[in-house]
Amino acid sequence: MPEKKTYYITTPIYYPSGNMHIGHTYTTVAADTMARFKKMQGYDTYFLTGTDEHGQKIERKAEEKGVTPKAYVDEIVANAKDLWKLMEVEYNDFIRTTDERHEKVVQKIFRQFYEQGDIYKGSYEGLYCTPCEAFWTPTQVVEKDGVKCCPDCGRPVEPMQEESYFFRMSKYQDWLLDYLQTHPDFIQPASRANEMINNFLKPGLQDLCVSRTSFKWGVPVDFDPKHVVYVWIDALSNYISALGYDTPDDHLFRKYWPADVHLVGKEIVRFHTIYWPIMLHALGLPLPKQVFAHGWLLFGNDKMSKSKGNVVYAQPIVARYGADALRYYLLREMPFGADGNYTNEAFLTRVNADLANDLGNLVSRTVAMIEKYFDGALPAWTDAVDKDMDLPLQQHCAQLPALVSEQMDKLQFSQALTEIWKVIGECNKYIDATQPWVLGRSEESRPRLANVLLTLAECVRYAAVLISPFMPRTPERIFAQLGIADEALKTWDSLDTFGKLPAGLKVCKGEALFPRLDIKKELEALAAEAEANAPKLPEKKAEPEKKPEKKEKEKSALPEGCVSADDFFKCQLRVAKVISCEHVKKSEKLLKFDLDLGSERRTILSGIAKFYESEQLIGKNLVIIANLPPRKMMGIESNGMILSAVEEKEDGSEYLRVLTVDGDVAPGSEVG
Ligand code: MSP
């Protein structure tokens, strides 16, 4: 027996700083669908996903919650695994960068790079703002009276150095440029390759900072333990550490490496197509065959982000409509590679049009007609063929596996589904054209009717087999209705010849595959459920008081994602002048503020000690929410919330600034 061809596909490993949302679900479902498709075609597939658990951001989040970083990520990883199960995602392995197997490989790789001179010890230099804990470049700082100052807080910055290890990326620049130019398929879509070449490689690669001493939550550099390995060497190595690279049991590595494709979001293409190839080349390993950059799932035309509060989670959608409907929508709605907006309305409209109408109606009409005209048993083929009507549909359907496969090889999920739905649409037209209800009126036309219904049933079988990687549950429901129990009729191989359905199969009308949805009602229900069903993580700020449920009528009048002006103005936003501010004893994160609100004094606690010195904000006019219920922290009552903006930096760290008022506005003034 010849060995099966292998196919290794990966998702990025996700940061478990918060629960996975529909954007992460999108990538994972795409990888799962591809893996299932290749498996169906007979490949020996391996599908890897996982989590990227180190870094300052996780360290901070855990500290805010009062747990260890490991305990913090354990909870989110458990939620992620539940979500993948819910989404019918069948991975072969889930790698965590905190797995011992991974950490050991990272340490070995780091050491090898160091020993062969690819990594050197240097120092990270910049203009440092001590209160902001931030490095700035000479072009970023602002000058005040000839003194270089922090662009954020306006205080003087000073030249500073932090000891770091660096990877000599520049050494491999010419090799990589040549590789990319001679392997045009390596980066897909091709436009991304040009971006990498023109924006990063041609201007010259900077050496990459690959270690840090300013935080601890990372893989220690074993020969210099005050350093932890910084981000990308740790994260990217997962693709080989999961396969047992450089361990005594490396059979998976030998079998599956190089990967066939790394699926990545467009924002991390650079790391996968510049740093990762260079790292692999330095290790003497072959490169993955392809890196495919997909677009973002946007919400309200904006990238989803917890800090923006525009996150959609899969759970409430799946609870109402099932994983298959969501998987279908994600892969059908936008071409893989482009950005697309998620809206509940577009989702529901597609479910109704494609799943309830096109597919659902075709299945139910076909089965109902076989029941009605042939007592529920599939007839045999006859020679009453109408060449003009039957053959084009039969031939088109017979070509469908090849058409779908061609699109899937380019990771064009949406196009692959479009091909399947073209045949489904043609079948529905074929019913209208052949008019089985007229053929059923006379004995004479029964042979013709037999062929019409068999053609439809066989097309439905083809469609059911071909959608199975996209929608793992639906095909079985279709097979059950068609009375197909024989596993051999459910396979990719069974699509080699059109017309395999045997006479005599007993069809069995079942429930509608996708009941038609009342979109307006569903939109209301989804809006109400989304928040309740989203997995909750403790937030660092006090939860705003739960607002009373809105009347149904009022709710439905609002566009999705909006709050009414009435609701917004229930929040009393006020200017508050800082009279004094001190650290709360035994708390690393809390600052206690004494605030002047004009007619009253207020105490508010805020978890921002990491970002400000206690005296730094005295005299400033901040913006607070004044009508939150009192909340006790460390035995002190806090009466309100200080508003701040948090930036998530590329390296996973956070940068926080409080909201201030531009000018001397009287304390207590309303904000709105
Ligand atoms: N940990 C790194 C990746 C390391 S891979 C060696 C990381 N993690 S992440 O959690 O921030 O994002 C990972 C991936 O999630 C993105 O590249 C993308 O694939 C996916 N997405 C996150 N938000 C998304 C959308 N809104 N839309 C589509 N994909 C999104 O980067």
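When a ligand or atom number is given, it counts from 1 through the structure's own listing order. Please read all numbers here as calculations on a predicted model, not as lab measurements.
- A salt bridge links Glu75 with Lys65; the closest basic N to acidic carboxylate O contact falls under 4.0 Å.
- Contact check on Glu522 versus Arg320 returns a salt bridge, with a Lys/Arg side-chain nitrogen under 4.0 Å from an Asp/Glu carboxylate oxygen.
- Closest to atom 8 (N) of ligand 1 among all protein heavy atoms lies Tyr15 CD1, 3.3 Å.
- Closest protein heavy atom to atom 20 (C) of ligand 1: Thr27 OG1, 3.5 Å.
- Residue Trp232 places a heavy atom under 4.0 Å from ligand 1.
- A donor-acceptor contact shorter than 3.5 Å links the side chain of Trp257 to the backbone of Pro286.
- To the nearest 0.5 Å, atoms OG1 (Thr51) and CZ (Arg96) are separated by 5.5 Å.
- Remark: ligand 1 and Glu267 share an N or O pair separated by less than 3.5 Å (distance only, no angle test).
- Each of the following atoms of ligand 1 lies closer than 4.0 Å to a heavy atom of Asp52: 1 (N), 2 (C), 4 (C).
- When each atom of ligand 1 is checked for a heavy atom of His24 under 4.0 Å away, the hits are 10 (O), 15 (O), 22 (C).
- We find the OG1-OH distance between Thr28 and Tyr14 to be 3.0 Å, quoted to the nearest 0.5 Å.
- Residue contacts with ligand 1: Phe299 is excluded, as none of its non-hydrogen atoms falls under 4.0 Å.
- Checking each of Asp93, Thr11, Thr10 against Phe47 for a side-chain contact (heavy atoms from CB on, under 4.5 Å) leaves exactly one that passes, namely Thr11.
- Put simply, no part of Met20 is less than 4.0 Å from ligand 1, judged by heavy atoms.
- For the atom pair OH (Tyr120) and CZ (Phe167), the distance works out to 11.0 Å, reported to the nearest 0.5 Å.
- Taking any N or O of Asn238, backbone or side chain, none lies under 3.5 Å from an N or O belonging to ligand 1.
- In this structure, His294 is part of the shell of residues with a heavy atom less than 4.0 angstrom from ligand 1.
- Among Gly23, Pro16, Gly18, the residue whose heavy atom sits closest to atom 29 (N) of ligand 1 is Gly23.
- No N or O atom of His272 sits closer than 3.5 Å to an N or O atom of ligand 1.
- Protein heavy atom in closest approach to atom 23 (N) of ligand 1: His21 CE1, 3.4 Å.
- Looking at Gly265 next to ligand 1, an N or O pair under 3.5 Å apart turns up.
- Within a 6.0 Å radius of NZ in Lys85, no more than 12 heavy atoms belonging to other residues, nucleotides or ligands are found.
- The single protein non-hydrogen atom nearest to atom 2 (C) of ligand 1 is Ile13 O, 3.5 Å, given as residue, atom name and distance.
- An N or O contact shorter than 3.5 Å is missing between Ile268 and ligand 1 by distance.
- Of the protein's non-hydrogen atoms, the one nearest atom 28 (C) of ligand 1 is Leu297 N, 3.5 Å.
- Separating the CG atom in Leu176 from the NE2 atom in His183 is a distance of 11.0 Å, to the nearest 0.5 Å.
- Among all protein heavy atoms, the one lying closest to atom 13 (C) of ligand 1 is Tyr14 CD2, 3.5 Å.
- Expressed to the nearest 0.5 Å, how far CD1 of Ile420 lies from CZ of Arg332 amounts to 9.0 Å.
- Residue contacts with ligand 1 include Gly295, since one of its heavy atoms falls under 4.0 Å from the ligand.
- A perpendicular orientation is assigned to the rings of Tyr43 and Tyr7, their planes being inclined by more than 60° (bins at 30° and 60°).
- Ion pairing of Glu90 with Arg36 is present here, as a side-chain N (NZ or NE/NH1/NH2) and a carboxylate O approach within less than 4.0 Å.
- Close approach to Ala235 involves these atoms of ligand 1, each under 4.0 Å from a residue heavy atom: 6 (C).
- Separation of atoms CD1 (Ile22) and CD1 (Ile317) is listed at 4.0 Å; rounding is to 0.5 Å.
- Considering backbone and side-chain N/O atoms, Tyr239 never comes within less than 3.5 Å of an N/O atom of ligand 1.
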